[in-house]
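First up is the structure itself, then whatever we jot down about it.
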Number of protein chains: 2
Amino acid sequence: MKSTIKDVAQKAGVSIATVSLAIHDHKRISPETKRKVQKAINELNYSPSKSARNLVSKKTGNIGFLLTDDHFLRTEPFYTRIFLGTEFEARTGEYYVLLNTVGTDYDECDKLPRFVLDKSVDGIIIAGKVPELLIDKLSRINLPLVFVDYIPSKNKYPLVLIDNIHGGSLATEHLIEKGHKNIAFIGGDINHPSIHDRFQGYKLSLEKAGITITDNLISLEEPYPARQNGYDAARRLIDNNKDITAIFACNDAMAIGAMHFLKDSGYKIPQDISVIGFDDVEADLLLDPPLTTIRVPKVELGAEAMRVMVDVLNNDNIAAKKILVPVELIERKSTGTA
Amino acid sequence: MKSTIKDVAQKAGVSIATVSLAIHDHKRISPETKRKVQKAINELNYSPSKSARNLVSKKTGNIGFLLTDDHFLRTEPFYTRIFLGTEFEARTGEYYVLLNTVGTDYDECDKLPRFVLDKSVDGIIIAGKVPELLIDKLSRINLPLVFVDYIPSKNKYPLVLIDNIHGGSLATEHLIEKGHKNIAFIGGDINHPSIHDRFQGYKLSLEKAGITITDNLISLEEPYPARQNGYDAARRLIDNNKDITAIFACNDAMAIGAMHFLKDSGYKIPQDISVIGFDDVEADLLLDPPLTTIRVPKVELGAEAMRVMVDVLNNDNIAAKKILVPVELIERKSTGTA
DNA sequence: ATAAGTAAGTTAAACGTTTAACTGATATTT
DNA sequence: AAATATCAGTTAAACGTTTAACTTACTTAT
């Protein structure tokens, strides 16, 4: 059943080295011999053993995909999509993707990811925020690292990022165009590079439009950008400032929370208050009204990260590049004229 | 940096065979030697090379996870969750999971999944409905197969299934307990084993409660269990029978559609009509009112499938078992008393 | 005619494990 | 006291590739 290189060699009447060289299209092998070998391969339905190859090449043919438990388990399939993207791209690059999650509470005693310990990967794509301690440890072993949707503090690795600043601007400009002036911003975990940048985009656009940036329009206290936090932030904001006519939430989860609060408080969306989110998660379409948001091409992010990884692997020491993946405004029904 | 068994042997002052045997806790090695070896292992931070192991054991340590493109890409992260479950369980079983999708239009000319071609997996978990032709081809190569959430036509493989009949009963009994008598059923693609069984559960519970099963309370025509179909089915049902006080939809997507129709027609949920779904997808919580449903433990389904696979792999030819994973009623706000 | 070069293979070592078969002590049985 | 069993380890082959170094037969240049 399972044929080896030996069987092919026998059938083709050549040595196993010739078969190997023929497979790799080595110039030392004549076209005719290559044909003979190819014929034998087809007849025997042979395909090389990965294990044997890996053993001698000291490569594994696998790329690790690392993220935190809560990112993978969270309701919105954000990182799942990114993972999917790496998987799609890996296919063309002849790689497999191995997934591993780590706790957010990673500490000194915790083990390294399984695929690192048993040397099952040639490189690691790290998605989203992961504990810096883990990054430290990982940077000590000699594996190529590529970050997607996160900027580690010691920034010497290739980065694949959402163009958050531009996205923040897009969202804000959309509201400005609709005639809004009192535009609130809801953030959570403002130290997170993505959220920080979206906030930058917000401020940039306001400045550009000549609108002064007002403190009581901005909520940055929430520690985490989740639904409930969006709800709480919206309440605080509205309590302090009745003039708000539009809210830009730093992500859809918070936008959804904010919408819940607004509905609970009897505000009509978008007649009384417009809401825009960021990410474009599936749930947005189910909302009433469906949420206007900034679409992040999640699958594309993952694919890009894998492309960078393959480059790094083939090209040994390529300069650590930084790729910004563009976003786009998706206008639905949650935003209207002021 | 990367230490091999040779280094460990040298450091411990024994042969490499001894190291290997010690690692596998072989009885021929004395406790004292084992300690020595362990010490050397720790000091060198050694861990065995998977490639080398795989080569000699002729195992890969990988399990394939196969499903169709559209199942993986569809909005509700149903199969994604199942995948996650296999991944979690794989961890304890020392396996890695390799994912591969196939088109629903798989035909004779299409290649087998990549991980089959290059012999990168020891077994395959197949999730959801996949083309029978592919199953045929796969059954010819000698890899263990485990199906999750699908029953292939030639049923000789281990199966991990949702307990759909019981779920159907749970849903129906919940409505009966609330005092409902005119309980409608909305199905789509009634030939699908899962939907068929949910319908069985419905009928069983009605019989048990002494309620006659009425044709104009049942909609089975819809070809596909999607939102729009739920909308259409609900309309037809209500048009034909104004006495309906409760609807059991065969899945959440159809339930969501039905709710939309009811709202559009001015019915209050649950005051006028109760609605219950099946699956418990994330969207349910966002609805107004949030949907009462039957929770399907998706992660658990995947974990169970992996457990079965590991059993099969360790135990060579275990009888093809069939595991029914239990479901539970999640009561939210879309069902009330008649 | 001889040396040098090239073309097309082949040989054999290496990759890092596992494991069957062997060895050489001790301990036990007869 | 000799034969046998047990214990604790070692030796060496095998797994299926890749690849540097070697071979052999032609070409071509001098």
Side-chain angles (χ1 to χ4, degrees), chain A residues 1-41 44-62 94 115 117-122 313-314, chain B residues 1-41 44-62 94 115 117-122 313-314:
Chain A
M1 191 71 247
K2 47 205 158 188
S3 45
T4 77
I5 199 172
K6 234 179 254 179
D7 304 322
V8 177
Q10 193 160 28
K11 183 143 213 156
V14 297
S15 74
I16 62 164
T18 302
V19 175
S20 179
L21 294 173
I23 287 172
H24 293 94
D25 205 22
H26 194 288
K27 56 176 184 281
R28 208 188 296 156
I29 307 300
S30 72
E32 197 194 352
T33 306
K34 276 178 192 164
R35 259 196 309 279
K36 264 195 324 200
V37 169
Q38 193 52 54
K39 185 158 163 272
I41 287 177
L44 289 169
N45 202 3
Y46 163 81
S47 100
S49 146
K50 271 224 159 205
S51 310
R53 278 194 165 169
N54 295 342
L55 182 57
V56 32
S57 72
K58 302 201 172 213
K59 300 274 167 193
T60 69
N62 299 327
E94 307 262 272
F115 53 49
L117 288 179
D118 59 13
K119 312 190 196 83
S120 293
V121 295
D122 299 333
L313 255 24
N314 293 339
Chain B
M1 189 72 245
K2 45 205 158 187
S3 44
T4 76
I5 199 172
K6 232 180 254 178
D7 305 321
V8 176
Q10 192 158 32
K11 183 142 214 160
V14 297
S15 73
I16 63 165
T18 301
V19 175
S20 179
L21 293 173
I23 287 172
H24 293 95
D25 205 23
H26 194 287
K27 57 177 183 283
R28 209 189 295 156
I29 307 300
S30 72
E32 197 194 352
T33 307
K34 277 178 191 164
R35 258 195 310 279
K36 264 196 321 202
V37 170
Q38 193 53 54
K39 186 158 161 273
I41 286 177
L44 290 169
N45 201 3
Y46 163 80
S47 99
S49 146
K50 270 224 160 205
S51 310
R53 278 193 165 171
N54 294 343
L55 182 57
V56 34
S57 72
K58 303 203 170 208
K59 300 275 166 192
T60 68
N62 299 327
E94 307 262 271
F115 54 49
L117 288 178
D118 61 12
K119 311 193 195 82
S120 293
V121 295
D122 299 333
L313 254 24
N314 294 339

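So you know, we letter chains A, B, ... as the sequences are listed, proteins then strands, and number each from 1.
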Under 3.5 Å, which protein N or O atoms sit close to an N or O of nucleotides 19-22 of chain C? Give each pair with its distance.
residue, atom, partner, partner atom, Å
C:dA21, N6, B:Arg28, NH1, 3.0

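When the P atom of D:dT18 is taken as reference, atom CZ of A:Arg53 falls 5 Å away, rounded to whole Å. One interatomic measurement links the two molecules: CG of A:Asp7 to P of D:dG16, which rounds to 9 Å at whole-angstrom precision. Across the protein-nucleic acid pair, A:Glu32 atom CD and C:dA8 atom P stand 11 Å apart, rounded to whole Å. Regarding A:Asn54, its CG atom lies at a distance of 11 Å from the C1' atom of C:dC15, rounded to whole Å. Between the C1' atom of C:dG16 and the NZ atom of A:Lys59 lies a distance of 17 Å, rounded to the nearest Å. Whole-Å rounding puts the B:Asp25 CG to D:dG9 P distance at 13 Å. To the nearest angstrom, C1' of D:dG16 lies 11 Å from CD1 of A:Ile23. Distance A:His26 NE2 to D:dT18 C1': 11 Å, rounded to the nearest Å.
Nearest nucleotide to the B:Leu55 side chain, out of D:dC15, C:dC15, C:dG9: D:dC15. The side chain of B:Val14 has D:dT10 as its nearest neighbour among C:dC15, D:dT10, D:dT17.
Heavy atoms of A:Thr33 sit under 4.0 angstrom from primed sugar atoms or phosphate atoms, though from no base atom.
An OP1 or OP2 oxygen of D:dG16 is reached within less than 4.0 angstrom by no side-chain nitrogen or oxygen of A:Lys50. Regarding contacts with the backbone of C:dT10, a side-chain N or O of A:Ser15 is found under 4.0 angstrom from either OP1 or OP2.
Using a 4.5 Å cut-off on side-chain heavy atoms (C-beta onward), B:Lys119 and A:Ser47 make contact. Inter-residue side-chain proximity for A:Asn62 and A:Phe115 is flagged as unmet; no heavy-atom pair is nearer than 4.5 Å. Within the 4.5 Å cutoff, the side chain of A:Ser3 has no heavy atoms near those of the A:Asn45 side chain. Residues A:Pro48 and A:Ile5 form no side-chain contact, since every pair of their non-hydrogen atoms from C-beta on lies 4.5 Å or further apart. Annotation: side chain of A:Tyr46 is in contact with side chain of A:Ile23 (closest heavy-atom distance under 4.5 Å).
Here the side chain of A:Lys34 pairs a donor or acceptor atom with the backbone of A:His26 at under 3.5 angstrom.
An end-to-end axis angle of 50° holds for the helix from C:dA1-D:dT30 to C:dT30-D:dA1, taken from five base pairs per end and rounded to 10°.
Mapping A:Ser49 and B:Val19 onto DNA chain D via the closest heavy atom, the residue that lands nearer the 5' end is B:Val19. Where B:Lys27 and A:Ser47 meet DNA chain D, the nucleotide closest to each residue was compared, and B:Lys27 sits on the side nearer the 5' end.
Side-chain contact of B:Asn54 with B:Thr60: a donor-acceptor pair under 3.5 Å is absent, judged by distance alone.
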For a side-chain contact (heavy atoms from CB on, under 4.5 Å) check, start with the C-alpha distance between A:Val14 and A:Ile29, then their side-chain angles and the critical distance, and finish with the verdict. CA-CA 11 Å; A:Val14 297; A:Ile29 307 300; over 6 Å; no

B:Val8 and B:Thr4: CA distance, side-chain angles, deciding distance, side-chain contact (heavy atoms from CB on, under 4.5 Å) verdict: CA-CA 7 Å; B:Val8 176; B:Thr4 76; over 6 Å; no

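For residues 5-16 of chain B, the side-chain hydrogen bond (donor to acceptor under 3.5 Å, both in side chains) pairs, not counting sequence neighbours, are B:Ser15-B:Thr18.
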